[in-house]
Student: 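Just passing along the structure, written as structure tokens.
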Amino acid sequence: MAEADVGAVEEGCPGSKGLKGGALGLLSSTVIGVASTAPGYSLAATLGLVVALVGLQSPSLMWVAFLPMACIAAAYYYLNRADPDCGTTFSWATKAMGPHTGWIGGWAIVVADIVVMASLADITGIYLFKLFGADGLADNTFWVTVLGVLFIVAMTWICYIGIEVSARTQYFLLAMEVIALFTFAAVALLRVYFGHPAGAIHPSLSWLNPFAIHDIHAFTAGILLAIFIYWGWDTAVTVNEEADDTTETPGRAALLSTLALVGIYVVVSVAAQAFHGTKALEDQDDVLAVLAKDVLGPLSKVLIIAVLTSSAASTQTTILPTARTTLSMAAKGAFPKYFARIHPRYLTPTTSTIWMGAISILWYVGL
């Protein structure tokens, strides 16, 4: 069957693009939103920097950073109710502030997602080798790049063959990630209270007090880092035209995603710094790797699985919103019409999905 330029129907109005409506429920949309942020990878890469800035107060910045995220998610909820278009920022900015602003907003999403794909693919390749004990290959740029490219191809294919397949993949990947993170947190806290590892500190409610941070520069820098690790939950809204209730489900999923994330970030950051104190975490580029063996012993690979599934899931859920942004832009004449093509069987944006994968590979290999 030939592909169709469904996206050009009725000037790209919501629901006219040919995407598979009713495919995602509230839980599926929320899972996609949480998985898009890559909480395991985000914590591993960022927590050490936050701890270096604010010490024991790092959990407080996790919930403070949640506040603007919750406000933005609430705004997305109402914007989506008014205009449930998969172009989200592009569509909303176009209607509110004009086509030039909308065009810039759409391109900003596309460029940002392509840039981050290189990091996600690289982390996926490194941690897959580490999972199987091939540390030598994990340090080999060529083989890590080969594996990273294969991951991009695999995730692009999953996005191509259907939103429901994408959602089921996210269920599996996110479940493994969350189980691994909470296993780490639970074991770490149990050992702090009953095993007394070296340097351990009993958690305190004072850790959640941001007013205990007296250095405004450290506070500001820490907040910027903490806000960064929430990036991605808006994918729950970019799949709005495929939700069972296009006006309500995506916005609720966005709100639930931010709530789930703040819970994960606060619990894991408290457990991480309680186990050996803050000195062991400061400026580490992977705090989970630093703590893995001490906390979990022979089960330390559980945390490798957490970061691996996190980056793999986020690779897929970065392709999803970008393909739908370019689909919406093409449907409204802000992008070549070629990108508005929809697969007649899978009801996915074919050209947009393939090009997202291809350009991501070129960018990654080039880097």
Student: Taking all atoms of both residues into account, what is the closest heavy-atom pair of Ala188 and Phe275, and its distance?
Tutor: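 Looking at all heavy atoms of both residues, the closest pair is O-CD1, 3.8 Å.
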Student: For the pair Tyr230 (side chain) and Met62 (backbone), establish whether a donor and an acceptor sit closer than 3.5 Å, ignoring hydrogens and angles.
Tutor: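 Pair found, side chain donor or acceptor close to backbone of Met62.
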Student: Does a side-chain heavy-atom distance below 4.5 Å link Ile213 with Leu61?
Tutor: yes
Student: Given 3.5 Å as the limit, does a donor-acceptor pair link the side chain of Ser42 with the main chain of Thr37, or not?
Tutor: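 Side chain of Ser42 to backbone of Thr37: a pair is present.
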Student: Working note: Leu19 + Leu327, criterion side-chain contact (heavy atoms from CB on, under 4.5 Å); need CA distance, chi angles, decisive distance, verdict.
Tutor: CA-CA 10 Å; Leu19 295 170; Leu327 166 66; 3.8 Å; yes
Student: Distance-only, no hydrogens or angles: does the Ser166 side chain make a donor-acceptor pair with backbone N or O of Gly162 under 3.5 Å?
Tutor: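 Checked: pair present.
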Student: Taking atom OG1 of Thr278 and atom CD of Gln57, what is their separation to the nearest 0.5 Å?
Tutor: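 Thr278 OG1 to Gln57 CD: 10.5 Å, rounded to 0.5 Å.
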Student: Same hydrophobic cluster for Val165 and Ile319, using side-chain heavy-atom links shorter than 4.5 Å among ILVMFWY?
Tutor: yes
Student: Give a yes or no on whether Val64 and Leu53 share a hydrophobic cluster (residues Ile, Leu, Val, Met, Phe, Trp, Tyr; joining criterion: side-chain heavy atoms under 4.5 Å apart).
Tutor: yes
Student: Nearest 0.5 Å please: distance from the OG1 atom of Thr220 over to the CG atom of Asp215.
Tutor: 8.5 Å
Student: Would the distance check show the side chain of Ser311 and the main-chain N or O of Leu308 forming a donor-acceptor pair, the cut-off being under 3.5 Å?
Tutor: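 At least one qualifying donor-acceptor pair exists.
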Student: Start with the C-alpha distance between Val267 and Phe182, add both sets of side-chain angles, then the distance that settles side-chain contact (heavy atoms from CB on, under 4.5 Å), and finish with yes or no.
Tutor: CA-CA 8 Å; Val267 170; Phe182 279 108; 3.8 Å; yes
Student: List the atom of Leu47, the atom of Ser58, and the distance in Å for their closest heavy-atom pair.
Tutor: CD1-OG, 4.2 Å
Student: Going by heavy atoms in the side chains, are Lys332 and Ser91 under 4.5 Å from each other?
Tutor: yes
Student: Inspect the surroundings of CZ in Phe132 and state if more than 12 heavy atoms from other residues, nucleotides or ligands are less than 6.0 Å away.
Tutor: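 No, CZ of Phe132 has 12 or fewer neighbouring heavy atoms, counting only those of other groups under 6.0 Å.
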Student: Could you check whether Trp92 and Tyr78 have their ring centres less than 6.0 Å apart?
Tutor: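 Centroid distance Tyr78-Trp92: not below 6.0 Å, so no.
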Student: Can you tell if the side chain of Leu24 reaches within under 4.5 Å of the side chain of Ile32, non-hydrogen atoms only?
Tutor: yes
Student: What's the spacing between Leu181 CG and Met176 CE if we round to 0.5 Å?
Tutor: 11.5 Å
Student: Is any side-chain heavy atom of Val54 less than 4.5 Å from a side-chain heavy atom of Val50?
Tutor: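 Touching, per the 4.5 Å side-chain cut-off.
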Student: How close do Pro321 and Thr235 get, counting heavy atoms only, and between which atoms?
Tutor: CG-OG1, 3.7 Å
Student: With sequence neighbours left out, write down each residue that passes side-chain hydrogen bond (donor to acceptor under 3.5 Å, both in side chains) with Thr238, or none if nothing qualifies.
Tutor: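 With neighbours one apart ignored, the set is empty.
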Student: Would you say Glu177's side chain and Gly40's backbone share a donor-acceptor pair under 3.5 angstrom?
Tutor: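 Judged by distance alone, yes, a pair lies under 3.5 Å.
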Student: Any non-hydrogen side-chain atom of Val110 less than 4.5 Å from a side-chain atom of Ile359?
Tutor: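 SC-SC contact between Val110 and Ile359 ruled out.
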Student: Once you round to the nearest 0.5 Å, how far does CG of Asp83 lie from OG1 of Thr246?
Tutor: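 Answer for the CG-OG1 pair, Asp83 versus Thr246, is 10.0 Å.
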Student: Return yes if some donor-acceptor pair links the side-chain N/O of Ser352 with the main-chain N/O of Phe339 below 3.5 Å, else return no.
Tutor: yes
Student: Begin from the C-alpha positions of Ile223 and Ile227 and carry the test side-chain contact (heavy atoms from CB on, under 4.5 Å) through to its verdict.
Tutor: CA-CA 6 Å; Ile223 280 291; Ile227 286 175; 3.6 Å; yes
Student: Please answer: with hydrophobic residues joined when any side-chain heavy atoms are less than 4.5 Å apart, are Phe194 and Phe184 in the same cluster?
Tutor: no
Student: Please name the pair of heavy atoms, one in Pro59 and one in Val266, separated by the smallest distance, quoted to 0.1 Å.
Tutor: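 Heavy-atom minimum between the residues: O-CG2, 4.0 Å.
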Student: Evaluate the side-chain proximity of Asp122 to Tyr364: yes if any heavy-atom separation is below 4.5 Å, no if none is.
Tutor: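 With C-beta onward as the side chain, the pair touches.
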Student: If I compare all heavy atoms of Tyr160 with all of Thr348, which pair ends up nearest, and what's the gap?
Tutor: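 What the structure gives for the nearest pair is O-OG1, 2.6 Å.
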Student: When rounded to the nearest 0.5 angstrom, what distance separates OG1 in Thr309 from CG in Leu174?
Tutor: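 Thr309 OG1 to Leu174 CG: 8.0 Å, rounded to 0.5 Å.
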Student: Got Thr156 and Ile152 here, is their nearest side-chain heavy-atom distance under 4.5 Å?
Tutor: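 Result yes, sub-4.5 Å side-chain heavy-atom pair found.
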Student: Should we count NE2 of His202 as having more than 12 external heavy atoms under 6.0 Å?
Tutor: yes
Student: For Asp245, is there an ion pair with Arg252 - N to carboxylate O distance below 4.0 angstrom?
Tutor: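 Judged by the 4.0 Å cut-off on N to carboxylate O distance, Arg252 and Asp245 do not form a salt bridge.
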Student: Counting N and O atoms only, with roles assigned by atom type, does the side chain of Glu164 sit under 3.5 Å from a partner on the main chain of Ala23, one being a donor and the other an acceptor?
Tutor: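 Checked: no pair found.
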Student: Any heavy-atom pair between the side chains of Trp207 and Ile201 that's under 4.5 Å?
Tutor: yes
Student: Please check if Phe172 and Ile179 belong to a single hydrophobic cluster, counting links between Ile, Leu, Val, Met, Phe, Trp and Tyr side chain heavy atoms closer than 4.5 Å.
Tutor: no
Student: What's the shortest heavy-atom distance between Asn140 and Phe142, and which atoms?
Tutor: OD1-N, 3.0 Å
Student: So, applying side-chain hydrogen bond (donor to acceptor under 3.5 Å, both in side chains) with Thr249, which one of Asn80, Thr30, Asn240, Asp244 is it?
Tutor: Asp244
Student: Please list every donor-acceptor pair under 3.5 Å in which a side-chain atom of residues 294-307 meets a protein atom from a residue at least two apart or in another chain.
Tutor:
unit_1 : atom_1 : unit_2 : atom_2 : d
Asp294 : OD2    : His276 : NE2    : 3.0
Ser300 : OG     : Gly297 : O      : 3.3
Lys301 : NZ     : Leu131 : O      : 2.8

Student: For the CD1 atom on Ile216, are there more than 12 heavy atoms of other groups (residues, nucleotides or ligands in this structure) within a distance under 6.0 Å?
Tutor: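 More than 12 heavy atoms, drawn from other residues, nucleotides or ligands, come within 6.0 Å of this atom.
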Student: Drop me the distance from Tyr41's OH to Ile123's CD1, to the nearest 0.5 angstrom.
Tutor: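 Between atom OH of Tyr41 and atom CD1 of Ile123 there are 4.5 Å.
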Student: Quick one: do Val239 and Leu261 end up in the same hydrophobic cluster if we chain Ile, Leu, Val, Met, Phe, Trp and Tyr together by side-chain heavy atoms under 4.5 Å apart?
Tutor: no
Student: What donor-acceptor contacts under 3.5 angstrom involve side-chain atoms of residues 65-75, with partners at least two apart or in another chain?
Tutor:
none

Student: Can any side-chain N or O of Arg324 pair as donor or acceptor with the backbone N or O of Leu320 at less than 3.5 Å?
Tutor: yes
Student: Check Trp107, Trp355, Trp103 against Phe335 for a ring pair (Phe, Tyr, Trp, His ring centres under 6.0 Å) and give me the one that passes.
Tutor: Trp107
Student: Could you walk me through whether Val146 and Trp143 pass the side-chain contact (heavy atoms from CB on, under 4.5 Å) test, one step at a time?
Tutor: CA-CA 5 Å; Val146 169; Trp143 287 113; 4.3 Å; yes
Student: Do we see a donor-acceptor contact under 3.5 Å between the side chains of Thr317 and Gln170?
Tutor: no
Student: Is the backbone N or O of Thr325 less than 3.5 Å from a side-chain atom of Ser328, with the two atoms forming a donor-acceptor pair by type?
Tutor: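 No, the answer is negative, given that no donor and acceptor are paired below the 3.5 Å cut-off.
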Student: State whether the side chain of Gln316 and the backbone N or O of Ala167 hold a donor-acceptor pair below 3.5 Å, judged by distance alone.
Tutor: no
